2 protein chains.
Amino acid sequence: MEINTAIGVFSALSQETRLDVFQALVKAGPDGMMAGALAKSVDCPASTLSFHLKELLQAQLIRADKQGRAIYYAVDYGGVREMIDFLLISCCDGDPRLTGPYVIKG
Amino acid sequence: MEINTAIGVFSALSQETRLDVFQALVKAGPDGMMAGALAKSVDCPASTLSFHLKELLQAQLIRADKQGRAIYYAVDYGGVREMIDFLLISCCDGDPRLTGPYVIKG
DNA sequence: TCCATATTTCTAGAATTATCAAAATATATG
DNA sequence: CATATATTTTGATAATTCTAGAAATATGGA
C-alpha cells in the first residue's frame, strides 16, 4: 500500500462520525445498512453523512450497493484487511513489541 | 480505549510527516532518535517537526527522553499496542474477515 | 402523471489543522 | 561569562476539513 493511501485511510478513521459509521457497519456485517438507517444510528443530517460516507468510500473502507432508491453501505472487507496489513507490517515492521500477539511470523 | 483517544491516534497517523516520523522511529528501535536527526531524516523545519512530535506524543504513539540538551524520541510500544488492539478488537470486532490471520481467538 | 421517499450535490461559512520564521528556553563548552 | 547547539513556543497566515440547509437526482407507487 502506498503511503498516501494509508494516510487517506487513517484520515478517514480520524473523525468521530466516520468511526461511528465504520463500527456500525462492522456490526451490521456483509449486508450492511441503508444510508438512512445509518443517519439515524449515528444521529447525523443526511447531507453531512453523505460527505462522510464518501470519505470512507474513497479510503476503500466501505462499499456501496444501490438497490432501488436505497443505497446499502457495507464494510469493504478486503480494503480493511489491506489497511491492517499496512499498519502491522509496513508501519510497525511486524515487530512483536508493537503488534503484540497479532502478527503471525513468516 | 476511549473512542476519542482512538480518534486522536488515527488523526496523529493521518499526516505524511507524522507517518514518516513514526516509521523512522519504529526502524530506530527503543533507543529512538534525536529530534534533529529526525528533522533531517524527514526533511522538515525544526519548528514544524516539533509541532508534529507533540501530536504524536499526545496520541501516546511516541515518548520523549531528554538527555542534556538533546531530546530523544522513541516509539511508545505500549501505546501502539493499545491502538492496534482497539483497531482489531473494538473497531473490527475481532472479525477474521476483517483482521485476516492476525487476531488470536480467545 | 404526481407525489413521497432516499440520497446526493452544491454552496457558503465555521472550525480545525499545518506551516515556518523569529524569539525564547535550556544546556554544554571554551 | 560568552557563545554555540538543540529544541520548543509564539504568532500570523495558509490550507484543509466539517457542517448542514437548500436544491437536485433518481426511483417507486397510487
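Proteins come first, then strands; the chains are lettered A, B, ... in the order of their sequence lines, and each starts at number 1. All values reported here derive from a predicted model rather than from experimental measurement.
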Beyond-backbone contact of B/Leu87 with A/Ile84, side-chain heavy atoms, under 4.5 angstrom: yes
Protein-nucleotide distance (A/Lys66, atom NZ; C/dT5, atom P), rounded to Å: 18 Å
Nearest-angstrom distance from the residue atom NZ of A/Lys40 to C1' of C/dT5: 11 Å
Spacing between A/Asp65 atom CG and C/dT7 atom P, to the nearest angstrom: 12 Å
Worked verdict on B/Arg63 versus B/Tyr72 for side chain to side chain contact (heavy atoms under 4.5 Å, CB included): CA-CA 8 Å; B/Arg63 56 187 175 71; B/Tyr72 282 81; over 6 Å; no
Nearest to side-chain heavy atoms of B/Ser50, which nucleotide of D/dT7, C/dT9, D/dT8: D/dT8
Worked check of side chain to side chain contact (heavy atoms under 4.5 Å, CB included) between B/Asn4 and A/Glu16: CA-CA 7 Å; B/Asn4 286 308; A/Glu16 183 161 17; 4.0 Å; yes
Parallel, tilted or perpendicular, as decided by the 30° and 60° cut-offs, for the rings of B/Phe10 and A/Phe10: parallel
Distance, rounded to the nearest Å, where A/Glu16 contributes CD and C/dT16 contributes P: 13 Å
Flag side-chain contact, heavy atom, 4.5 Å: B/Met1 against B/Ser90: no
Sugar-phosphate only, base, or nothing, as touched by B/Ala35 at under 4.0 Å among non-hydrogen atoms: sugar-phosphate
Distance-minimising heavy-atom pair for B/Leu25 and B/Tyr73: CD2-O, 3.3 Å
Whole angstrom value for the distance that separates P of D/dT9 from CG of B/Leu49: 13 Å
Sugar-phosphate or base contact per nucleotide [nucleotides 10-24 of chain D; S, B, -; heavy atom under 4.0 Å]: --------BBBBB--
A/Ile62 CD1 - C/dT7 P separation (whole Å): 13 Å
Residue A/Arg69, side-chain atoms from C-beta onward, closest of D/dA6, C/dA4, D/dT8: C/dA4
Sugar-phosphate, base or nothing in reach of B/Ala46, heavy atoms under 4.0 Å: base
Protein-nucleotide distance (A/Phe10, atom CZ; C/dT17, atom P), rounded to Å: 18 Å
Any B/Tyr73 side-chain N or O less than 4.0 Å from OP1/OP2 of D/dT8: yes
Value in whole Å for how far the C1' atom of C/dT17 lies from CG of B/Leu13: 16 Å
Inter-residue atom distance B/Leu98.CG - A/Tyr77.OH, 0.5 Å rounding: 5.5 Å
